[in-house]
Amino acid sequence: MLTINLIREKRELIIERLKVKNFDAEKVLDKILSLDSTRREIQTRSDSLQAEMNRLSKDIGLLLKTGRKKEADEAKEKTYTLKEEIRSLSEELTPLDIELRELIVSLPNLPHESVNKGFGAEDNFIVKEGGKIVDIDGEALPHWELIKKYDIIDFDLGIKLTGAGFPVYKGKGAKMERALINFFLDEGVKAGYNEVIPPIVVNEDSGFGTGQLPDKEGQMYNITLDNFYLIPTAEVPVTNIYRDIILNADDLPIKNIAYTPCFRREAGSWGAHVRGLNRLHQFDKVEIVRIAHPDHSYESLDEMVSHVENLVSALDLPYRILRLCGGDMSFTSSLTYDFEVWSGAQKKWLEVSSVSNFESFQANRLKCRFREKAGKQTQLVHTLNGSALALPRILAALLENNQTKEGIKIPVSLIPYTGFEIID
RNA sequence: GGAGAGAUGGCAGAGUGGUCGAAUGCGGCGGUCUCGAAAACCGUUGUCCGCCAUCCGGCGGACCGGGGGUUCGAAUCCCCCUCUCUCCGCCA
């Protein structure tokens, strides 16, 4: 959510910036500005009437105390009309506030100045490529064949238990999953992140705080009986830890890491191109979340990107880093880097991480502020997060890239975690 | 799930209709003292919104879990919701 101050002061800049996200903000902004000015006008009137009311009430109290009942009754008469006026002003104000808020909430975050305009994946900028793509011979199997061959992940069993997209990991598959989780967590802790285990079910306020609600309602599983949501990412609970909080400048940056399962309905995005582990309803992910000082949030972002880069390198996966174009970026993000790894048998790039700076967009929804010095004004923090990493596609790439006649070789860095060197 | 008690500022904890945005203690910040620190003492210390001011700031409004109501006036009375605690039940 953009701040009303920014909207008041930087109308032109917002219009310009949102064009990069292919969002035409002009009409909405003008509507907001006009509602805002009526709102303030009404509030000013209402506040001064309320002040008058408070004065009268105080007087009545004093008059009654000193036994001047008649004068008190006269004063009471005056309050009746005042009260009526105040009520009618507040009746004007309420729907206005609601409309204003809805409009402000509908504006996407401003993209960072380094973000280029574009419409989709084809317009993303390749920042860097790393690792070596090794050509596997013609008999290379895609991971959905490999998992059957070695009996490590069972989709049919998941269908029986729940439905499509809820796989069952078995034997070395399960061990591999757990190894990756532990590896990612340990690397994060080594890099100074504080490990947390949050709830994987959240309330509506949390969903709103990080921007999943109201616009992505249909993407989350909703527990209607209690009005809870299954988290689509640990970003939601871990960032919401800081909802309604005022931090001190020296608390920053806050660096948290969490492993959670993630749940996504993925409504309307099912099909042949998302076979196997490429897209699931439930998957495991280790997420890094940062709360940063506005002056240093881009340094934080860079650190997060290199942390993720170290992870994919350590797994010997060929990767590339993309800076997303305006059209491919999320509603809430200012700048996003995506990590993709090469999947040797499918012969395509798979997205395994998305690292973003949301600047103050989430912080404004969360009401997460900090104070530079005691007594000084509060200001909004910057929030950031990134996958470090999402597991299924990493697993898919590892299985495909490392397949040999003897079996699937485990990357060296992971062997201490798996306890075996090969899946056969 | 049943019965009862409760929710007040960073924390603890008073306050049951009228100068209460809220006593007091702790904590935090500033100062005095000190070579420095501790102790002691003095002062200060919430958030949001609006109006005015170039800055320091000034004035007004709202906020005592959330929402509604009664009243000239609500932290205080009434209703609904949420949460916490105690006991019972159930249970990893």
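Just so we're on the same page: letters track the sequence lines, and every chain starts at 1. For the numbers below, each heavy atom of this structure counts, side chains included, while hydrogens, waters and symmetry mates do not. Predicted model only: the values in this text are computed from it and were never measured.
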Can you tell me the distance, in whole Å, between the [atom1] atom of [X] and the [atom2] atom of [N]?
| X | N | atom1 | atom2 | result |
| --- | --- | --- | --- | --- |
| A/Asp226 | B/C81 | CG | C1' | 14 Å |
| A/Phe208 | B/G66 | CZ | C1' | 17 Å |
| A/Leu62 | B/G17 | CG | P | 18 Å |
| A/Asn203 | B/G66 | CG | P | 16 Å |
| A/Glu204 | B/U82 | CD | P | 14 Å |
| A/Leu56 | B/U71 | CG | P | 17 Å |
| A/Tyr80 | B/U70 | OH | P | 13 Å |
| A/Glu71 | B/G18 | CD | P | 21 Å |

Paired nucleotide for [N] [Watson-Crick or G-U wobble; both distances under 3.5 Å]:
| N | result |
| --- | --- |
| B/G65 | B/C81 |
| B/A92 | none |
| B/G43 | B/C29 |
| B/A75 | none |
| B/A3 | B/U86 |
| B/U54 | none |
| B/G36 | none |
| B/A12 | B/U24 |

Q) B/G73 phosphate, OP1 or OP2: any side-chain N/O from A/Lys83 under 4.0 angstrom? A) yes
In whole angstrom, give me the gap between the [atom1] atoms of [N] and [M].
| N | M | atom1 | result |
| --- | --- | --- | --- |
| B/A7 | B/G60 | C1' | 30 Å |
| B/C78 | B/G6 | P | 12 Å |
| B/G25 | B/U45 | P | 15 Å |
| B/G18 | B/G1 | P | 39 Å |
| B/C79 | B/U24 | C1' | 34 Å |
| B/C55 | B/G15 | C1' | 40 Å |

Q) salt bridge (charged side-chain N to carboxylate O under 4.0 Å, His left out) with A/Arg393: which residues, sequence neighbours excluded? A)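 Counting only residues at least two positions away or on another chain, A/Arg393 forms no salt bridge (charged side-chain N to carboxylate O under 4.0 Å, His left out).
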Q: Pick base, sugar-phosphate or nothing for A/Ser57, based on heavy-atom distances below 4.0 Å to the nucleic acid.
A: base
Q.
Could you tell me if A/Arg178 sits above the aromatic ring of A/Tyr417, with its cationic atom closer than 6.0 Å to the ring centre and no more than 45 degrees from the axis?
A. no
Q: Cation-pi check, A/Lys172 to A/Phe420: give yes when NZ or CZ is under 6.0 Å from the six-membered ring centre and within 45° of the ring axis, no otherwise.
A: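 The answer is yes; both the distance and angle limits are met.
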Q. Which heavy atom in A/Ala234 sits nearest to a heavy atom in A/Ala258, and how many Å separate them?
A.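 Taking every non-hydrogen atom into account, CB-CB, 4.2 Å.
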Q: Return the minimal non-hydrogen interatomic distance between A/Ser334 and A/Val115, and the atom names on each side.
A: O-CG2, 3.5 Å
Q: Identify whether the distance between the nearest side-chain nitrogen and carboxylate oxygen of A/Arg101 and A/Asp97 falls below 4.0 Å.
A: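 Salt bridge absent between A/Arg101 and A/Asp97.
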Q: For the residue pair A/Tyr221 and A/Phe263, categorise the inter-ring angle as parallel (less than 30°), tilted (30 to 60°) or perpendicular (more than 60°).
A: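 Perpendicular: the ring planes of A/Tyr221 and A/Phe263 meet at over 60°.
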(Q) Any heavy-atom pair between the side chains of A/Phe361 and A/Thr3 that's under 4.5 Å? (A)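 The answer is no; the side chains never approach within 4.5 Å.
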Q) If you find the nucleotide of RNA chain B closest to A/Phe228 and the one closest to A/Met53, which residue's nucleotide is nearer the 5' end? A) A/Met53
Q.
Test of understanding: with side chain to side chain donor-acceptor pair (under 3.5 Å), list the residues that count as partners of A/Arg243, not counting sequence neighbours.
A.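 Side chain to side chain donor-acceptor pair (under 3.5 Å) list for A/Arg243, sorted by chain: A/Ser206, A/Asn240.
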Q. What one-letter contact string describes nucleotides 43-62 of chain B from 5' to 3', where B marks a base within less than 4.0 Å of any protein heavy atom, S marks contact via sugar-phosphate atoms alone, and - marks no contact?
A. ----SSBSS--------BSS
